[in-house]
Amino acid sequence: MTGRASVGAAAGLVFRRDLTLAWRRWDEVAQPLIFYVVVTTLFPLATTPDLNQLRTISGGVVWVAALLASLLALEALFRSDVEDGTMEQWVMTGQPLGWLLLAKVASHWVLTGLPLVVMSPIVGTALGLPFAAWGTLMLSLLLGTATLSVLGGIGAALTVGVRRGSVLLSLLVLPLAMPLLIFGSRAVGLVMDGESPSGPLQLLAAIFFLSLSLGPVAMSAAIRISVES
Amino acid sequence: MWTWFHKFASPPHAYRLLGRLAPWLGWPALGLILLATWWGLVKAPADYQQGDAFRILYVHAPSAWMSMFIYVVMAVAAAVGLIWRIKLAHAAAAASAPIGASFTFLALATGSIWGKPMWGTWWVWDARLTSELILLFLYLGYMALRSSFDDPQRADRASAVLAIVGVINVPIIHYSVEWWTTLHQPASVTKIDKPSIHIEMLIPLFIMIVGFQLYYGWALSRRLRGEILQRERNATWLTKTA
């Protein structure tokens with residue numbers, strides 16, 4: 001084969017293309033973020049406005065809201081590419097599909113996961129989260145949302161051709177994401193108790209690397225099933 | 001070496017074999033479950049601490065064990081179906097899921113009933129109960145994904161990927177939940193099933209596990225026959241048999 005781009009170049013092109021496309025429809029990118037803020041507002045309304053009480057659950061609330069917001073954004077991850085035939089072309093390029101999909105997931109994470117991470121201290125502070133826990137909250141969310149993007153990518157690839165796929169996607173991905181939630185909110189809780197959060201953070205990092213290594217294989221298998229038939 | 005494998009995997013052969021196998025699994029299962037029930041409820045001594053309440057163990061522990069065993073069987077069958085493209089393996093995975101989900105539900109229900117006299121509440125966020133609950137969610141997700149496809153072949157392959165991803169996650173979920181509860185709960189909660197269990201209590205437990213295994217074999221062969229009938233409803237061998 002002549003004239004074929006290297007894997008890195010192809011993945012880079014996919015990454016840049018998705019960022020460009022998202023930039024042109026930035027209001028869609030902003031929606032999960034608004035959802036994130038709205039959901040965190042619900043908790044004080046439903047429980048108590050007392051900051052001292054909210055503080056004890058603030059880490060968990062931020063984590064749950066981030067989980068739901070990034071799930072909301074995941075539904076459309078592959079849909080338009082499968083519908084307009086772009087995905088079929090990718091399957092047939094001869095490039096390793098896993099890398100292309102990983103690039104797509106990476107750009108998706110930059111657009112949805114990263115803004116969630118950046119906004120989390122503000123949202124957390126509104127719930128009484130102390131300044132000392134900011135770093136841990138952001139680091140845990142950084143690892144957690146990245147892992148969730150890969151896990152959700154598998155789910156999105158499986159449900160891309162399905163009617164009412166969004167509810168199904170949540171049903172498939174949420175149980176798999178529960179360990180992230182446990183470790184993430186636990187890390188924040190440990191810092192607030194004045195202890196070292198390194199244990200849960202290292203476990204989060206381990207799960208991240210596991211999903212990074214095995215995730216693309218599962219994603220490309222799922223996309224092939226969705227596209228071929 | 002592979003000829004027997006392909007012969008077994010052919011739907012007509014499997015259909016006949018499973019039909020012949022079913023009674024050899026079903027009757028011993030019934031016998032063993034009845035024997036273990038009598039042994040566990042009547043013959044085994046009462047627990048010095050929990051009295052007679054512990055006897056629900058004979059349903060709870062084997063069904064919890066089966067719920068995990070069947071998930072692994074399902075994932076292995078799904079992997080076999082995905083790698084060697086054997087439809088019968090996919091059918092076996094599909095037929096296993098509802099049985100596994102039922103055992104998971106049974107384990108949760110009996111655990112909850114057991115929790116009432118032991119812990120004083122119907123539900124505690126105990127590590128085993130919680131990971132069992134998440135396992136139920138995994139089963140439900142698998143069945144939901146499978147039922148959302150119209151094309152059975154796509155349903156087979158998509159749900160197979162999910163089952164494999166799930167089985168990698170099961171240990172992670174289990175240990176994360178265990179770790180989560182050990183940090184949250186005070187150690188005062190009574191540990192129920194410690195290995196320091198009387199041998200007279202243990203024998204019926206093993207009989208019950210074997211009985212449940214045979215029951216699973218029986219239910220699987222019945223359900224698998226149903227799956228084969230549904231998938232091969234237009235095949236010529238079936239119209240000839242009927």
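Given the structure is predicted, the values throughout are model-derived calculations rather than measurements. So that the names make sense, note that chain A is the first sequence line, chain B the second, and so on, each numbered from 1.
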*Asks:* Please report the shortest heavy-atom distance between B:V165 and A:A218, naming the atom on each side.
*Replies:*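 Here B:V165 and A:A218 meet closest at CG2-CB, 4.0 Å.
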
*Asks:* Shortest non-hydrogen contact from A:L168 to B:A144?
*Replies:*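 Where A:L168 meets B:A144 most closely, the heavy atoms are CD1-CB, 3.6 Å.
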
*Asks:* Could you check whether atom CZ of B:R222 has more than 12 heavy atoms from other residues, nucleotides or ligands sitting under 6.0 Å from it?
*Replies:*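 No, CZ of B:R222 has 12 or fewer neighbouring heavy atoms, counting only those of other groups under 6.0 Å.
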
*Asks:* First locate atom CG of A:L171, then atom CZ of B:F137, and finally report the distance between them rounded to the nearest 0.5 Å.
*Replies:*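 Separation between the atoms: 9.0 Å.
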
*Asks:* Hey, does A:L176 have a side-chain heavy atom less than 4.5 Å from the side chain of B:L138?
*Replies:*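 They are in side-chain contact.
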
*Asks:* Verify the neighbour count for atom OH of B:Y215: are there more than 12 heavy atoms of other residues, nucleotides or ligands below 6.0 Å?
*Replies:*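 Check fails, neighbour count at 12 or below.
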
*Asks:* Is it the backbone or the side chain of A:L169 that comes under 4.5 Å from a heavy atom of chain B, or both, or neither?
*Replies:*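 For A:L169, neither part sits under 4.5 Å from chain B.
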
*Asks:* Might you confirm whether atom CD of A:E28 has over 12 heavy atoms from other residues, nucleotides or ligands at distances under 6.0 Å?
*Replies:*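 Counting neighbours around CD of A:E28, more than 12 heavy atoms of other residues, nucleotides or ligands fall under 6.0 Å, so yes.
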
*Asks:* For chain A, find which of B:I172, B:L82, B:L145 contributes the most heavy-atom pairs closer than 4.5 angstrom.
*Replies:*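 Counting heavy-atom pairs under 4.5 Å, the top option is B:L145.
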
*Asks:* Check whether any side-chain heavy atom of A:P179 sits under 4.5 Å from a side-chain heavy atom of B:Y175, and report yes or no.
*Replies:*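 Counting from C-beta outward, A:P179 and B:Y175 never come under 4.5 Å.
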
*Asks:* Minimum heavy-atom separation for B:I173 and A:P175, please, with both atom names.
*Replies:*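 Looking at all heavy atoms of both residues, the shortest contact is CD1-O, 3.6 Å.
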
*Asks:* Answer with side chain, backbone, both or neither: which region of B:L135 has an atom nearer than 4.5 Å to a non-hydrogen atom of chain A?
*Replies:*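 For B:L135, there is no contact with chain A at all, as no heavy atom is under 4.5 Å.
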
*Asks:* Side chain, backbone, both or neither: which part of A:L210 has a non-hydrogen atom closer than 4.5 Å to chain B?
*Replies:*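 For A:L210, the side chain is the part near chain B, not the backbone.
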
*Asks:* Quick check on the interface: out of B:L162, B:V170, B:L133, B:I168, who has the most heavy-atom pairs with chain A under 4.5 Å?
*Replies:*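 That would be B:L162.
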
*Asks:* For B:F149, run the side chain to side chain contact (heavy atoms under 4.5 Å, CB included) check against A:L158, A:I225, A:V162 and tell me which one passes.
*Replies:*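 Result: among A:L158, A:I225, A:V162, A:V162 is the only option passing the side chain to side chain contact (heavy atoms under 4.5 Å, CB included) with B:F149.
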
